[in-house]
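For reference, the structure is listed below as structure tokens.
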Amino acid sequence: MKILVIGSGGREHALVWKLAQSPHAAQMWCAPGNAGSAQERLAKNGAAVECVNISAEDLPKLLAFAQKKRVDFTIVGPDNPLALGIVDLFQKYGLKIWGVNQKAAQFESSKVFSQKFMGKYGIPTAAAGTFSDVIAAKKFTATLGGRCVVKADGLALGKGVLICTNQAEAERAVDEIMVGKAFGAAGARIVIQEFLEGIEVSLHALCDGTTAKIFPTSQDHKRALDGDLGLNTGGMGTYSPTPFLTETELAETGRKILEPFMRGCVAEGIDYRGLLYPGVMLTKNGPKILEFNARFGDPETQVYLTRLENDLVELLDASVSGTLDKIELKWKPAASVCVVMASGGYPGNYEKGKTIRDLDNAAKLPGVKVFHAGTAKSGNEIVTNGGRVLGVTALGKDLKAAQAAAYAAVEKIHFDGAHFRRDIAAKALNGH
Ligand code: AMP
């Protein structure tokens with residue numbers, strides 16, 4: 001099978017790495033990929049994965065490439081091409097592609113759409129309202145005593161969420177998004193949720209239109225600095241499993257979310273085939289959904305795919321063809337920890353082109369897989385080429401062992417300005 005993976009981050013390198021292990025993969029490309037994807041070899045025949053210089057958002061060029069190379073199966077990593085309708089486009093031309101279609105991508109591209117859907121189908125979420133009127137919005141924040149979260153409706157590069165502790169802050173947040181248009185058109189409508197306290201976890205479920213199969217739990221670390229301080233980032237590290245939900249609680253949570261979700265999709269004529277990634281707050285009143293994403297998490301993918309035992313080509317194929325009910329997801333009992341090494345200054349301004357040294361020494365350590373995110377080849381060297389540079393991932397017999405292995409690998413890798421959190425998985429190990 002000829003396979004094309006779309007995207008350039010750590011998530012996509014992890015997808016490439018796992019798909020390349022499948023005996024079904026005979027030739028693979030990644031558009032645009034990174035220096036790590038380009039180093040992968042196919043298990044079947046030793047062929048190299050080829051990176052193609054086409055952006056993940058250039059739909060016409062991606063289509064032309066897939067047609068020219070007669071790609072059998074395209075896998076989409078990031079949310080933007082999904083929201084732009086890449087799945088609908090490829091399907092129109094008879095090409096097999098994995099990822100949600102444009103209608104289903106609304107769960108991520110519109111928070112108002114998601115919030116209304118959750119209300120309509122009884123999916124546990126925060127008390128919330130959706131607004132396109134400033135005065136009504138401010139009235140609603142007052143009913144929450146100002147302790148709320150104000151969210152721009154559309155995609156705002158992860159920045160359109162403002163947490164408020166009192167009414168004055170809440171009114172400022174509403175003005176900033178709706179009047180000041182801080183996030184442009186994305187803020188024409190807003191969602192206001194009550195502020196929820198608890199432990200935040202990431203859930204993932206693979207869906208095929210009728211069946212949804214839930215993954216084990218994982219937890220991301222969104223802030224730049226140890227102790228959840230500093231600015232929000234794309235994610236500085238993950239681990240799986242988390243100790244915060246037992247198997248039974250996870251299954252119960254999955255049912256509470258996924259059954260009404262799939263039922264609602266059928267009722268609304270949404271053919272949900274792809275990945276559903278709800279952000280969940282475990283509150284004292286039970287799990288509540290904060291938001292839906294419609295693709296794999298980054299860096300959640302890195303810990304999930306190092307634990308996954310199934311053939312990923314077969315899994316994603318079943319997600320497209322509607323046969324997931326015939327497949328049982330199998331996970332290694334081992335724990336996985338991913339520590340992101342970022343460029344100095346990230347998530348603010350940072351420089352690119354710093355030489356990354358000693359990657360081979362880290363890769364030699366047992367249980368370690370170094371996924372590339374923002375990297376590029378420059379002559380014979382691998383250099384930094386983005387904010388999040390590497391996702392240093394390790395499996396271990398338990399979380400403590402996986403954490404130790406991941407940090408041992410991190411210590412071996414060097415580039416100017418490298419920064420990373422030292423407390424990935426610490427919440428699980430410290431028991432809070
Ligand atoms: P979102 O993009 O909607 O997931 O929001 C980004 C982050 O804001 C989440 O990962 C949470 O840490 C925080 N957040 C969002 N909604 C709430 C809420 N209702 N209560 C508390 N924190 C929230």
Side-chain angles (χ1 to χ4, degrees), residues 78-80 82-83 105-119 123-131 137 140-141 143-166 169-170 173-174 176-177 182-183 186-187 189-204 217-225 227-239 242 244 257 275-300 340 347 421 423-424 427 432:
D79 51 332
N80 273 348
L82 297 171
Q106 282 180 94
F107 281 104
E108 177 154 5
S109 60
S110 169
K111 287 185 190 286
V112 168
F113 172 84
S114 273
Q115 197 67 46
K116 285 188 171 161
F117 183 93
M118 288 192 276
I123 298 172
T125 180
T130 60
F131 302 92
F140 183 72
T141 62
T143 67
L144 299 170
R147 257 173 80 75
C148 63
V149 183
V150 182
K151 305 184 180 189
D153 175 46
L155 295 172
L157 299 169
K159 289 182 183 152
V161 173
L162 304 178
I163 295 178
C164 312
T165 53
N166 57 52
E169 267 179 35
V174 171
E176 202 177 320
I177 298 179
F183 310 107
R189 295 189 296 167
I190 57 171
V191 171
I192 298 172
Q193 292 180 336
E194 67 175 318
F195 179 84
L196 293 172
E197 274 174 275
I199 293 171
E200 212 176 323
V201 293
S202 299
L203 296 183
H204 276 53
T217 54
S218 66
Q219 189 177 48
D220 193 3
H221 297 67
K222 284 277 175 204
R223 301 296 197 94
L225 306 174
D228 292 334
L229 299 172
L231 296 173
N232 246 331
T233 70
M236 294 298 288
T238 39
Y239 64 95
T242 77
F244 308 118
I257 299 167
L275 206 289
L276 178 69
Y277 153 22
V280 179
M281 190 71 90
L282 302 175
T283 75
K284 62 180 192 315
N285 298 320
K288 311 259 184 192
I289 310 281
L290 302 178
E291 62 155 359
F292 284 124
N293 301 290
R295 35 86 200 165
F296 274 105
D298 186 349
E300 284 88 343
V340 169
R421 280 181 59 160
D423 64 348
I424 303 304
K427 277 194 201 101
H432 58 81

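First listed ligand is number 1; within each ligand, the first listed atom is number 1. These numbers come from the heavy atoms of this one structure, side chains and all, not from hydrogens, waters or symmetry mates.
Of the polar atoms of Leu196, at least one N or O is found under 3.5 Å from an N or O of ligand 1, judged by distance alone. An N or O contact shorter than 3.5 Å is missing between Lys222 and ligand 1 by distance.
If you check which protein heavy atom lies closest to atom 16 (N) of ligand 1, you get Lys151 NZ, 3.0 Å. Considering only non-hydrogen protein atoms, atom 9 (C) of ligand 1 sits nearest to Glu200 OE2, 3.2 Å.
The closest side-chain donor-acceptor pair between Ser202 and Glu300 falls under 3.5 angstrom.
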Item checked: Worked check of salt bridge (charged side-chain N to carboxylate O under 4.0 Å, His left out) between Glu197 and Arg147 -> CA-CA 11 Å; Glu197 274 174 275; Arg147 257 173 80 75; 3.2 Å; yes
Next item on the list: Show your working on salt bridge (charged side-chain N to carboxylate O under 4.0 Å, His left out) between Lys427 and Asp228 and close with a plain yes or no.
Entry: CA-CA 10 Å; Lys427 277 194 201 101; Asp228 292 334; 2.8 Å; yes
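Pairing each heavy atom of Gln193 with each of Thr125, the nearest pair is NE2-OG1, 4.0 Å.
Annotation: Phe117 is in aromatic contact with Phe107 [ring centroid separation under 6.0 Å].
Nearest to atom 1 (P) of ligand 1 by heavy atom, out of Glu291, Glu108, Glu197, is Glu291. The heavy atom nearest to atom 13 (C) of ligand 1, considering only Ile163, Val150, Thr125, is found in Ile163.
For atom 7 (C) of ligand 1, no protein heavy-atom neighbour is present inside the 4.0 Å cut-off.
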